[in-house]
Participant: 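Submitted below is the structure of interest, expressed as structure tokens.
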Amino acid sequence: SRRDFLTILRLIRSGAGGEPKLLTGPLDQEAFIPFNRQVNAILEAQIPPGGSADIDAGEEILRAEHHARVPELLETFRDALKAVARESPLFLVLDHLDLPGNEFNDYLRPLLLDLCQSDINLCIVAVPTHAEGFDWQPLRDFMLEVRIDSFPEQEWVDLALDYVQRILDPTRFADDLQRRQWLADLRDKLQGLSGVIIQGPWKPVRLLGLDLLLHQ
């Protein structure tokens with residue numbers, strides 16, 4: 001579903017869930033205390049008894065009357081990201097970026113432009129239908145644009161096997177022999193899908209269905 005600008009920032013801060021946690025988990029929350037305080041102040045959040053303004057109080061989004069304070073919110077968020085990046089390398093991936101074009105152009109793009117000129121690595125995955133109205137021009141000097149088309153059927157098994165190995169929990173196997181046998185069985189299953197489910201060129205989204213195989 002389409003998200004608003006503040007929700008995108010919260011997802012970057014807190015992680016999007018999923019596995020492995022190293023890739024999708026929350027960033028250092030201490031670095032975001034000033035941002036959380038600012039969000040609470042702007043939204044006039046009601047802090048429950050015993051609660052703390054250091055913690056983002058809820059899921060309320062920015063309304064029109066808050067938009068004048070977005071630049072200061074961006075500055076605080078940018079400083080938090082840069083603080084995290086000073087401690088260890090930070091690779092920020094905005095996958096299937098989907099928000100109104102005006103919010104991208106007016107709010108998120110200035111932040112991304114600033115990050116492009118920092119030590120933070122940035123990858124944006126945007127589906128054309130979601131990115132309608134996005135003005136990428138100010139970012140083009142810092143971008144390597146890659147358009148991903150459908151993959152040929154003959155690459156299905158190798159790419160699918162590579163994808164599964166990247167998200168596979170290594171602790172599920174007693175030893176390397178068991179792991180290699182499981183992967184060999186998986187290759188057979190993937191080959192069986194070729195020509196049945198996979199017929200001709202296929203989209204990367206097909207890989208998401210492989211999560212079911214990890215529970216077998």
Side-chain angles (χ1 to χ4, degrees), residues 1-18 23-47 52-148:
S1 60
R2 175 149 290 197
R3 292 171 168 144
D4 73 291
F5 160 74
L6 181 56
T7 301
I8 299 293
L9 298 188
R10 282 168 162 156
L11 285 171
I12 295 172
R13 176 202 62 195
S14 302
L23 297 179
T24 62
L27 299 176
D28 179 9
Q29 295 301 287
E30 187 172 346
F32 287 89
I33 287 176
F35 171 76
N36 294 340
R37 289 174 177 166
Q38 201 166 37
V39 169
N40 288 334
I42 291 173
L43 296 179
E44 299 179 346
Q46 299 298 313
I47 308 300
S52 170
D54 292 351
I55 300 173
D56 190 345
E59 295 300 320
E60 186 177 356
I61 64 175
L62 295 175
R63 298 185 299 275
E65 61 266 29
H66 302 137
H67 288 182
R69 300 191 64 182
V70 165
E72 60 186 275
L73 197 62
L74 281 173
E75 183 176 355
T76 306
F77 191 82
R78 177 205 63 198
D79 291 345
L81 285 178
K82 290 184 176 181
V84 171
R86 282 195 293 270
E87 297 299 320
S88 61
L90 178 60
F91 199 111
L92 184 62
V93 179
L94 303 180
D95 189 10
H96 282 68
L97 186 59
D98 183 13
L99 76 165
N102 66 305
E103 292 196 12
F104 174 83
N105 298 331
D106 295 341
Y107 306 147
L108 190 58
R109 191 184 63 198
L111 173 65
L112 299 178
L113 185 59
D114 197 358
L115 297 181
C116 285
Q117 301 173 73
S118 72
D119 293 331
I120 297 173
N121 302 289
L122 183 63
C123 175
I124 303 171
V125 182
V127 178
T129 53
H130 293 172
E132 186 177 356
F134 287 15
D135 180 7
W136 299 101
Q137 191 58 42
L139 294 170
R140 291 201 181 277
D141 287 344
F142 305 96
M143 289 174 57
L144 172 62
E145 185 174 356
V146 178
R147 296 183 179 272
I148 301 178

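As the structure is a computational prediction, the values presented were derived from the model and not from experiment.
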Participant: Going through the distances and angles, do V70 and D106 end up as a side-chain contact (heavy atoms from CB on, under 4.5 Å)?
Facilitator: CA-CA 9 Å; V70 165; D106 295 341; over 6 Å; no
Participant: In terms of heavy-atom contacts, does CD of E44 have more than 12 from other residues, nucleotides or ligands at under 6.0 Å?
Facilitator: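 Atom CD in E44 is not crowded, with 12 or fewer foreign heavy atoms closer than 6.0 Å.
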Participant: What is the distance from atom CG of L81 to atom CG of L115, rounded to the nearest 0.5 Å?
Facilitator: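 Result: 6.0 Å between the selected atoms.
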Participant: Supply the atom-to-atom distance L111 CG to E75 CD, rounded to the nearest 0.5 angstrom.
Facilitator: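 Those atoms lie 11.5 Å apart.
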Participant: Please find the pair of heavy atoms, one from P110 and one from N105, that lie closest to each other, and give the distance.
Facilitator: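 Minimum heavy-atom separation between P110 and N105: CD-O, 3.7 Å.
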Participant: Work out which heavy atom in A31 is nearest to a heavy atom in A83; give both atom names and the distance.
Facilitator: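 That would be CB-CB, 4.3 Å.
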Participant: So, does Q29 use its side chain to make a donor-acceptor pair with the main chain of R13 at under 3.5 Å?
Facilitator: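 Yes.
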Participant: Heavy atoms, side chains only, cut-off 4.5 Å: are L112 and F142 in contact?
Facilitator: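 No. Closest side-chain heavy atoms not under 4.5 Å.
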Participant: Can you give me the closest heavy-atom contact between E103 and F5, atom names plus distance?
Facilitator: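 Looks like OE1-N, 2.6 Å.
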Participant: Distance from F35 atom CZ to D54 atom CG, nearest 0.5 Å?
Facilitator: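 Result: 13.5 Å between the selected atoms.
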Participant: Considering non-hydrogen atoms only, spot the tightest contact between A68 and P71 and give its length.
Facilitator: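 The answer is O-CD, 3.5 Å.
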Participant: What closest approach, in Å, do T76 and Q38 show between heavy atoms, and which atom pair accounts for it?
Facilitator: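 The pair with the smallest heavy-atom distance is OG1-OE1, 2.6 Å.
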Participant: Run the side-chain contact (heavy atoms from CB on, under 4.5 Å) test on F104 and D135 for me, step by step, so that the C-alpha distance in whole Å, both residues' side-chain angles and the decisive distance to 0.1 Å come before the verdict.
Facilitator: CA-CA 8 Å; F104 174 83; D135 180 7; 5.8 Å; no
Participant: Starting from the C-alpha separation in whole Å, work towards a yes-or-no answer on side-chain contact (heavy atoms from CB on, under 4.5 Å) for L43 and I61.
Facilitator: CA-CA 8 Å; L43 296 179; I61 64 175; over 6 Å; no
Participant: Can a salt bridge be assigned to the pair D114 and K82 using a cut-off of 4.0 Å between side-chain N and carboxylate O?
Facilitator: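 Salt bridge flag = yes for K82 with D114.
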Participant: Tell me whether the count of non-hydrogen atoms from other residues, nucleotides or ligands lying under 6.0 Å of CD in E30 goes above 12.
Facilitator: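 Atom CD in E30 is not crowded, with 12 or fewer foreign heavy atoms closer than 6.0 Å.
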Participant: Take atom CD in Q117; do more than 12 heavy atoms of anything else shown fall under 6.0 Å from it?
Facilitator: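 Atom CD in Q117 is packed in, count exceeds 12.
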Participant: What closest approach, in Å, do L27 and I12 show between heavy atoms, and which atom pair accounts for it?
Facilitator: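 Taking L27 first and I12 second, the nearest heavy atoms are CD1-O, 3.5 Å.
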Participant: Rounded to the nearest 0.5 Å, what separates atom CG in L9 from atom CG in L108?
Facilitator: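 Reported to 0.5 Å precision, the distance equals 7.0 Å.
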Participant: Rounded to the nearest 0.5 Å, what separation is found between the OG atom of S88 and the CG atom of D28?
Facilitator: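 Rounded to the nearest 0.5 Å, the OG-CG separation comes to 9.0 Å.
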Participant: With a 4.5 Å limit on heavy-atom distance, are the side chains of R109 and F134 in contact?
Facilitator: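 Counting from C-beta outward, R109 and F134 never come under 4.5 Å.
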Participant: For residues L73 and L6, determine if any side-chain heavy atom of one lies less than 4.5 Å from a side-chain heavy atom of the other.
Facilitator: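 Of all side-chain heavy-atom pairs linking L6 with L73, at least one is under 4.5 Å.
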Participant: I'd like to check D56 versus N36 (side-chain heavy atoms, cut-off strictly below 4.5 Å). Are they in contact?
Facilitator: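 In short, these two side chains touch, coming nearer than 4.5 Å.
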